[in-house]
Amino acid sequence: MDTEAAIRHGTMQVTVLLLIAAALAIGFSVAGVGASLPIVVGLLVLMAVLFAARPDEDRFGPVAGVDMDGIVQSLWLAPLITALPLLVRLSATPGEVQAIGGLLGLAGMANYFLRPVYLLGYDLVSAVRESVGRANGR
């Protein structure tokens, strides 16, 4: 996989993980559940189960240009991403948990919309590296 494709797949993977983490937090808040140690432990248990259940081989392939196998392989990180801010704020009310979920979702969408900026940065660095290489090759 070339670097540009790796940037595309990596940023999409981070976006999806952040959106799933946001959905988990918002789901807790809609159910009226605030942050607590049992919730954090439950998320860490879910993380361990998802990690153990990861498929070893590729099963899905690309769907609409998205590397589904990479997302499925890293799905176990979403409960961890949710658990970390809840661990920092163990006494969060359901409303605060919803706000945490909203911030996670916002970070995911910001990452998605910044993909062209990441690719532009890669193109600029590549162009400078190529230009310097040609200048040094004389």
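A quick note: this is a predicted structure, and the numbers were derived from the prediction, not measured.
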Exercise. Which residue pairs pass the side-chain hydrogen bond (donor to acceptor under 3.5 Å, both in side chains) test when at least one of the two sits in residues 30-44, sequence neighbours left out?
Worked result: none

For this session: Tell me, please, which residues at least two apart from Val30 pass side chain to side chain contact (heavy atoms under 4.5 Å, CB included).
Result: Ile26

For this session: Applying side-chain contact (heavy atoms from CB on, under 4.5 Å), run through Val97 and Val33 and close with a yes or a no.
Result: CA-CA 8 Å; Val97 171; Val33 176; over 6 Å; no

Exercise. If you measure from CG on Leu17 to CG on Leu104, what distance do you get to the nearest 0.5 Å?
Worked result: 11.0 Å

Seminar exercise, completed: In short, salt bridge (Lys or Arg N to Asp or Glu O under 4.0 Å) pairs touching residues 16-37 with sequence neighbours left out are none

Problem set entry | side chain to side chain contact (heavy atoms under 4.5 Å, CB included) partners for Phe51, two or more places apart | Arg54, Trp76

Problem set entry | Which atom of Met47 lies closest to which atom of Leu80, heavy atoms considered | SD-CB, 3.7 Å

Problem set entry | Backbone N/O of Tyr122 and side chain of Ser126: donor-acceptor pair under 3.5 Å | yes

Seminar exercise, completed: On a heavy-atom basis, the closest approach of Ala21 and Ile81 is CB-CG2, 3.7 Å

For this session: Might you point out which heavy atoms bring Leu90 and Leu37 nearest each other, and give the distance in Å?
Result: CD2-N, 3.6 Å

Problem set entry | Joint hydrophobic cluster, Leu84 plus Leu86, side-chain heavy atoms closer than 4.5 Å | yes

Seminar exercise, completed: Rounded to the nearest 0.5 angstrom, the CG-NE2 distance for Asp69 and His9 is 10.5 Å

Seminar exercise, completed: Of all heavy-atom pairs linking Ala22 and Gly101, the shortest is CB-O, 3.1 Å

Problem set entry | Point-to-point distance, once rounded to the nearest 0.5 Å, from CG of Leu114 to CG of Leu119 | 11.0 Å

Exercise. Can you tell me how far CZ of Arg115 sits from OG1 of Thr15, rounded to the nearest 0.5 angstrom?
Worked result: 7.0 Å

Problem set entry | Non-neighbouring partners of Gln13 that pass side chain to side chain donor-acceptor pair (under 3.5 Å), sequence neighbours left out | Ser74

Problem set entry | Closest non-hydrogen atom pair, Pro94 against Ser29 | O-CB, 3.0 Å

For this session: Mind checking the OG1-CG spacing from Thr3 to Asp123? Nearest 0.5 Å is all I need.
Result: 10.5 Å

Exercise. Less than 4.5 Å apart, any side-chain heavy atom of Leu103 and any of Ile100?
Worked result: no

Exercise. Quick one: does Leu124's side chain get under 4.5 Å of Val128's, heavy atoms only?
Worked result: no

Seminar exercise, completed: Across all chains, not counting sequence neighbours, the side chain to side chain donor-acceptor pair (under 3.5 Å) partners of Glu4 are Arg8

Problem set entry | Those residues that, when tested against Arg89, pass side chain to side chain contact (heavy atoms under 4.5 Å, CB included) (two or more places apart) | Ser91, Ala92, Glu96

Exercise. Can you tell me how far CG of Leu18 sits from CE of Met109, rounded to the nearest 0.5 angstrom?
Worked result: 11.0 Å

For this session: Given side-chain hydrogen bond (donor to acceptor under 3.5 Å, both in side chains), test Thr11 with Asn111 step by step and report yes or no.
Result: CA-CA 7 Å; Thr11 56; Asn111 183 61; 5.2 Å; no

Problem set entry | All pairs passing ring pair (Phe, Tyr, Trp, His ring centres under 6.0 Å) where residues 11-41 contributes a residue, at least two apart | none

Exercise. What heavy-atom pair brings Leu75 and Leu50 nearest, and what distance separates the two atoms?
Worked result: O-CD1, 4.0 Å

Seminar exercise, completed: Across all chains, not counting sequence neighbours, the side chain to side chain contact (heavy atoms under 4.5 Å, CB included) partners of Ala83 are Val40, Leu43, Leu44

For this session: Output all residues satisfying ring pair (Phe, Tyr, Trp, His ring centres under 6.0 Å) with Tyr118, sequence neighbours left out; order by chain, then residue number.
Result: none

For this session: Determine which pairs satisfy ring pair (Phe, Tyr, Trp, His ring centres under 6.0 Å) with at least one residue from residues 84-116, sequence neighbours left out, and list them in order.
Result: none

Exercise. What pairs of residues pass the salt bridge (Lys or Arg N to Asp or Glu O under 4.0 Å) test when at least one of them lies in residues 9-36, not counting sequence neighbours?
Worked result: none

